Amino acid sequence: MPTATGHKTIYEEALEAGLTRRDFLKLASAITLALGLDLKEMPKVVRAMETKERVPVIWLEFQSCSGCGESFIRSMQPRMEKVLFDLISLEYTELIMAGAGSAAEEHRKKIMAEYPGKYVLVVEGSVPAPEYLFIGGHSAYDILRETAEKAMAVVSFGSCSSWGGIPAAKPNPTGAKAAADLVKGKPVIRIPGCPPIAEVMTNTIAHIVIFGQIPELDELGRPKEFFRHRLHDKCQRRAYFDAGLFAESFDDEGARQGYCLYKLGCRGPTTYNACAELRWNGGLSWPVQSGHPCIGCSEPNFWDQGPFYERLAMIPGTQTTVNPEKVGAILTGVVVAGIAAHAAATVVLRGRIAKHEKAETAAKEE
Ligand code: SF4
Ligand code: SF4
């Protein structure tokens with residue numbers, strides 16, 4: 001049955017695209033899981049898809065390398081084509097649309113007129129001062145303002161759109177600004193990352209379509225579900241950090257043993273993102289697992305927080321850079337105060353840290 005506005009429902013569109021009822025239910029279960037719901041909640045998702053229409057999406061791209069869009073089209077869960085064709089109607093996107101020139105611009109305006117307050121605007125890239133970037137004779141700033149005005153919500157996809165990103169790095173020659181900071185009077189969801197994790201975007205879109213509202217956000221406007229943990233808290237190298245065992249170079253024995261990468265510049269202790277939980281490439285791995293320190297790409301101003309391979313991250317709660325040789329000792333001290341049974345292990349641990357410090361001092365003296 002068509003929706004109140006006379007459009008086909010998501011279910012009807014899916015059948016028309018050749019999906020069977022069985023395919024449709026499989027898709028609904030994938031979306032239920034991607035939304036973090038129990039499968040018992042699947043009837044709600046099915047009901048929403050049987051009664052709601054696809055959400056039109058306009059995807060604007062400004063000062064960007066297109067990496068965010070590339071990341072999105074490699075979403076695995078739910079698969080991007082399912083999101084595109086079954087949940088949303090991607091009406092305008094410079095990266096993959098076939099149309100171009102005035103026809104494409106007219107289509108963007110047509111969607112804005114036909115779906116006021118009902119389409120989602122995704123913005124990739126930062127926005128330069130008005131004189132630097134024109135599309136179809138209009139400045140990036142004017143296009144953003146005009147398209148955001150009638151949107152239901154705006155998604156700032158990627159660190160450039162969320163915080164200004166690399167185009168805004170010092171000395172910021174084009175006066176680049178975060179799109180999220182320029183949009184007024186609309187809900188803005190920031191999904192930072194360089195690039196951002198595709199599954200966070202598909203989940204956010206699925207949430208908007210299924211529940212008709214934006215997901216819960218943290219104080220910086222990021223979906224809470226994906227940005228509530230520091231990478232450091234979910235990292236598989238964390239036990240080595242706590243034990244004071246660090247790789248000193250990319251090819252030493254510590255690196256081979258999978259030791260903590262903090263001394264090689266890892267920003268995991270100050271970076272909020274879901275890389276350690278969702279991982280990349282369909283859950284295969286993530287940079288720290290693969291041996292590269294996190295550079296904090298989802299944090300504001302990460303591009304000006306270099307050099308990337310020097311130990312710089314601060315552990316929250318301290319105002320200075322932490323001495324990693326002391327970390328194990330500090331953490332151990334806390335544990336010992338409460339759990340006397342760990343005393344023996346602590347002696348071993350302190351011995352290991354002392355040995356490590358001695359070796360480092362000797363190396364410096366040489
Ligand atoms: S500093 Fe980096 S490598 Fe070490 S535990 Fe934290 S996130 Fe993992
Ligand atoms: S591990 Fe760090 S730098 Fe790498 S993608 Fe995740 S947040 Fe960005």
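Heavy-atom basis, side chains included; hydrogens, waters and symmetry copies ignored. Just so you know, these numbers come straight off a predicted model, no measurement behind them. Order of appearance sets the numbers: ligands from 1, and atoms from 1 within every ligand.
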* What protein heavy atom is closest to atom 6 (Fe) of ligand 2, reported as residue, atom name and distance in Å? -> C275 SG, 2.3 Å
* So, F24 versus Y11, ring centres under 6.0 angstrom or not? -> yes
* Asked: What protein heavy atom sits nearest atom 4 (Fe) of ligand 2, and how far away is it?
  -> P287 CG, 3.3 Å
* Asked: When you check the gap from the basic side-chain N to the acidic O, do E114 and K110 get nearer than 4.0 Å?
  -> yes
* Given side chains that start at C-beta, do those of R54 and V209 come closer than 4.5 Å, heavy atoms only? -> no
* Asked: Which one holds for I295 and ligand 2: side chain close, backbone close, both close, or neither close, with close meaning a heavy atom under 4.0 Å?
  -> both
* Ring centroid separation for F157 and W59, is it under 6.0 angstrom? -> yes
* Is the H292-Y309 ring centre distance short of 6.0 angstrom? -> yes
* Asked: Considering only heavy atoms, does C297 approach ligand 2 within less than 4.0 Å through its side chain, its backbone, both, or neither?
  -> both
* For T271, counting its heavy atoms only, list the atoms of ligand 2 lying under 4.0 Å from any of them. => 7 (S)
* Show which atoms of ligand 2 fall inside a sub-4.0 Å distance from at least one heavy-atom site of N273. => 7 (S)
* To do: Quick one: give me the number of protein N/O/S atoms under 2.8 Å from atom 6 (Fe) of ligand 1.
  => 1
* To do: Taking the side chain as every heavy atom from C-beta outward, state whether H7 and Y115 have any pair of such atoms under 4.5 Å apart.
  => yes
* F241/Y262 aromatic ring centres below 6.0 Å -> yes
* Using a distance-only test with no angle check, is there a side-chain donor-acceptor pair under 3.5 angstrom linking R108 and T147? -> yes
* Asked: Are G193 and ligand 2 in contact, using a heavy-atom cut-off of under 4.0 Å?
  -> no
* Flag the pair F227 / Y272 as yes when their ring centroid distance falls below 6.0 Å, and as no otherwise. => no
